[in-house]
Amino acid sequence: MTAALSAHELIARHRSTLDQALEAIRTRAYWSPHPEHPKAYGENGSLDAAAGKAAFDALLGTRLDLGQPGTDDWVGGETSPYGIDLGVTYPHADLDVLLPAMKAGQRAWRDAGAEQRAVVCLEILKRISDRTHEFAHAVMHTSGQAFMMAFQAGGPHAQDRGLEAVAYAYVEQVRTPDNAEWTKPQGKRDPLAMTKQFTPVPRGIGLVIGCNTFPTWNGYPGLFASLATGNAVLVKPHPRAALPLALTVQVAREVLAETGFDPNLMALAAERPGEGIAKTLALRPEIRIIDYTGSTAFGDWLEANARQAQVYTEKAGVNTVVVHSTSDYKGMLSNLAFSLSLYSGQMCTTPQNLLVPREGIATDQGPKSYDEVVADLAKSVDGLLGDDARANALLGAIVNPDVKARLEAAAGLGEVALASREITNPDFPGAVVRTPVIVKLDGAKPDAEAAYMSECFGPVSFAVAVDSAADAAELLRRTVREKGAMTVGAYTTDPEVEQDVREVCLEEAAQLSLNLTGGVYVNQTAAFSDFHGSGGNPAASAALCDGAFVANRFRVVEVRREA
């Protein structure tokens with residue numbers, strides 16, 4: 001296979017970006033090579049807004065032929081949460097043909113070394129970045145995210161997470177030198193001398209099981225971590241969100257071919273309606289790594305049954321905010337209102353339980369009772385979403401009927417402090433758009449526990465009355481330990497309460513945000529600086545991204561000989 005892009009060219013083009021990423025993960029300072037603003041695109045080969053929309057429109061109703069071996073059918077059926085039938089079809093694979101073909105290119109990919117693999121991955125990310133506007137529409141119309149969120153979270157933020165994984169993968173692979181000279185003195189005798197060679201070797205084929213809500217943001221870390229460590233990668237997208245990951249596979253295959261590698265190192269496994277191919281794939285002996293984002297039930301099944309594979313899961317959790325006291329009551333309410341509303345609460349980091357002392361809280365506006373805090377939060381959400389255009393831009397659309405059903409059922413779980421209302425999207429009349437519901441629950445009542453101790457994914461939150469700050473900390477501990485949490489928030493001006501909450505989060509391995517009142521929200525994390533999940537509580541078995549996320553995707557094999 002002739003390479004159109006040499007290793008030298010790729011290193012010259014991307015080594016500086018890799019070095020900056022390595023520095024960013026070392027310092028944890030802000031850095032991103034991927035612009036967040038839509039107007040930043042349109043030069044140097046990147047698509048501007050009009051070209052990106054035209055590219056997306058041109059995909060509708062087409063067959064996305066990736067040139068994969070073993071294609072035995074064409075499958076599709078995606079319908080946008082905004083009411084558009086995408087009509088794109090994808091290759092369905094005969095696994096007995098595709099998987100051996102994927103393994104065939106691994107030797108050359110392994111032998112290329114960590115640096116060359118890294119810069120090939122960066123070339124893939126650069127080409128995806130150039131098509132960010134196109135990818136944004138693909139994410140929007142499969143996930144239901146509003147356009148700006150789909151653009152940022154599905155574009156530059158997802159690309160940042162992919163690059164972060166490449167950087168961590170590179171660090172772990174070069175930790176051991178390629179070669180070493182070993183000499184052991186033997187007194188009067190000649191010393192023992194050895195030459196030793198160390199090679200990072202891949203585990204096998206990595207399987208990425210995509211999710212419906214954040215197909216690229218959640219998919220890219222595992223995809224690029226496995227590819228950068230020498231593994232072939234098979235992408236099994238969610239059947240309602242295949243397009244963004246299928247486009248990713250398309251770009252990756254093009255780059256691999258142009259750089260002299262086997263394009264079958266990256267492939268797509270789309271499925272027929274109701275086929276449930278993920279279980280079949282997860283148990284194949286060729287699959288040695290699995291990355292999964294989704295329900296706890298299937299994540300638990302993967303961890304228990306896919307014994308031949310290293311499994312990385314992000315499952316469900318019950319995210320909690322302790323509301324004890326604040327020096328910026330208005331800022332606290334505004335911050336929480338935005339966190340509860342963003343993407344209709346369909347983020348794995350959205351707060352669900354707000355633990356508020358039943359005797360109320362201290363604020364810069366004087367004491368506020370439990371009822372006042374909840375009522376004021378409801379007013380803040382109402383104010384944020386009072387304008388329908390603004391509401392549509394924040395809420396996006398409900399991603400599937402299950403979320404809508406949970407939202408409607410939540411009103412029967414307790415006293416409704418804020419009722420959900422229906423909003424019409426004038427651009428997409430078929431979109432299901434709903435504002436959040438806030439339900440008041442008494443934490444001391446056993447019948448309320450069934451509600452607040454279960455994840456209710458979507459725009460549903462519970463204002464749980466607790467006896468004291470100590471009671472809140474203990475309920476937080478039990479929630480994280482039993483149910484897991486991707487995020488924890490707390491508002492307090494009391495150092496002892498802060499220390500108690502912090503200690504719970506350290507002991508139960510939950511990421512904590514304290515006293516957020518500005519433009520940073522508990523349900524957002526920044527690549528290169530923030531860890532998404534911890535891998536230390538039931539919500540996830542991995543953190544995005546740390547050394548543990550990449551280091552076990554390869555092993556180091558030593559060859560030694562006498563000098």
Side-chain angles (χ1 to χ4, degrees), residues 21 98-99 101-125 128 158-159 161-174 199-211 215-237 245 248-249 251-253 255-256 259 261-269 278 281-282 284-293 302 306 308-314 532 535 540-556:
L98 179 60
L99 292 176
M102 294 184 71
K103 293 181 70 175
Q106 279 197 297
R107 179 176 177 177
W109 186 236
R110 176 201 70 199
D111 292 346
E115 183 180 44
Q116 190 172 353
R117 286 194 294 271
V119 294
V120 170
C121 287
L122 265 61
E123 177 67 20
I124 296 169
L125 284 164
I128 292 171
Q159 295 152 22
R161 283 296 183 189
L163 176 53
E164 176 187 49
V166 173
Y168 271 100
Y170 179 81
V171 167
E172 294 300 326
Q173 289 174 97
V174 301
T199 304
V201 298
R203 279 187 171 271
I205 297 176
L207 172 65
V208 175
I209 303 175
C211 68
T216 56
W217 198 98
N218 279 110
Y220 283 5
L223 185 157
F224 283 101
S226 285
L227 191 63
T229 50
N231 303 277
V233 179
L234 180 61
V235 179
K236 203 298 289 184
L245 289 177
T248 302
V249 171
V251 172
R253 289 177 63 84
V255 171
L256 286 164
T259 52
F261 296 103
D262 190 336
N264 295 322
L265 288 165
M266 181 74 72
L268 187 79
L281 284 168
R284 293 280 303 213
E286 303 95 330
I287 300 299
R288 301 302 302 277
I289 303 165
I290 298 174
D291 289 277
Y292 167 76
T293 301
L302 287 170
Q308 85 291 351
Q310 183 71 28
V311 180
Y312 301 89
T313 60
E314 181 188 311
H532 175 76
S541 68
L544 305 180
C545 182
D546 60 8
F549 185 68
V550 299
N552 215 13
R553 295 172 189 263
F554 68 95
R555 309 309 297 169
V556 176

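Quick note: residue numbers are just sequence positions, from 1. Computed over heavy atoms, backbone and side chain alike; hydrogens, waters and symmetry mates excluded.
In this structure, CG on Leu245 lies 7.0 Å from OG1 on Thr216, to the nearest 0.5 angstrom. Here the straight-line distance linking atom OG1 of Thr199 with atom CZ of Phe554 works out to 11.5 Å at 0.5 Å rounding. Interatomic distance, Tyr220 OH to Cys121 SG, rounded to the nearest 0.5 Å: 12.0 Å. The CE atom of Met266 sits 9.5 Å away from atom CG of Leu234, with the distance rounded to the nearest 0.5 Å.
Looking at Ile124 and Ile128, their side chains come closer than 4.5 Å, going by heavy atoms from C-beta outward. In this structure the side chain of Asp291 never reaches within 4.5 angstrom of the side chain of Leu223, judged on heavy atoms. Annotation: side chain of Val235 is not in contact with side chain of Thr248 (no heavy-atom distance under 4.5 Å). In this structure, Leu268 and Pro237 have side chains that are in contact, with non-hydrogen atoms separated by less than 4.5 Å.
For Tyr168, the ring-ring contact (aromatic ring centres under 6.0 Å, His included) test picks out no residue, with sequence neighbours left out. With sequence neighbours left out, the side-chain contact (heavy atoms from CB on, under 4.5 Å) criterion links Glu115 to Ile11, Arg15, Tyr170. Residues satisfying the salt bridge (Lys or Arg N to Asp or Glu O under 4.0 Å) criterion with Arg284, sequence neighbours excluded, are Asp96, Glu286.
Minimum heavy-atom separation, Ser226 to Gly206: OG-CA, 4.4 Å. The two residues Gln173 and Thr229 make their nearest non-hydrogen contact at OE1-CA, 3.6 Å. When all heavy atoms of Leu281 and Ala269 are compared, the closest pair comes out as CD1-CB, 4.0 Å. Residue Ala225 comes nearest to Ala169 through the heavy atom pair O-CB, 4.4 Å, listed as atom of the first residue, atom of the second, then distance. Scanning both residues, Leu125 and Gly162, for their nearest heavy atoms gives CD1-C, 4.0 Å. Across Ile290 and Ala306, no two heavy atoms sit closer than the pair CD1-CB, 3.6 Å.
Side-chain atoms of Gln308 come within 3.5 Å of backbone N or O of Ala282 as a donor-acceptor pair. Proximity of a side-chain donor or acceptor of Thr259 to a complementary backbone N or O of Leu256 within less than 3.5 Å is detected. Under a 3.5 Å cut-off, the side chain of Ser541 and the backbone N or O of Thr313 do form a donor-acceptor pair. A donor-acceptor contact shorter than 3.5 Å is absent between the side chain of Arg203 and the backbone of Asn231.
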Pair up each side-chain donor or acceptor in residues 103-113 with any protein partner under 3.5 Å, not counting sequence neighbours, and list the distances.
unit_1 : atom_1 : unit_2 : atom_2 : d
Gln106 : NE2    : Gly204 : O      : 2.8
Trp109 : NE1    : Leu227 : O      : 2.9

Pairs under 3.5 angstrom only: tabulate donor-acceptor contacts from the side chains of residues 544-551 to other protein residues two or more places apart or in another chain.
unit_1 : atom_1 : unit_2 : atom_2 : d
Asp546 : OD1    : Ala548 : N      : 3.3
Asp546 : OD1    : Phe549 : N      : 3.0

- Residue pair Leu302, Tyr312: steps toward the side-chain contact (heavy atoms from CB on, under 4.5 Å) verdict: CA-CA 9 Å; Leu302 287 170; Tyr312 301 89; over 6 Å; no
- Query: What do the steps show when you test Asn264 against Arg253 for side-chain contact (heavy atoms from CB on, under 4.5 Å), and what is the final call?
  - Reply: CA-CA 7 Å; Asn264 295 322; Arg253 289 177 63 84; 3.1 Å; yes
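Judged purely by distance below 3.5 Å, without hydrogens or angles, the side chains of Arg161 and Asn218 never pair a donor atom with an acceptor atom.
For residues 221-237, the pairs satisfying salt bridge (charged side-chain N to carboxylate O under 4.0 Å, His left out) are Lys236-Glu271, with sequence neighbours left out.
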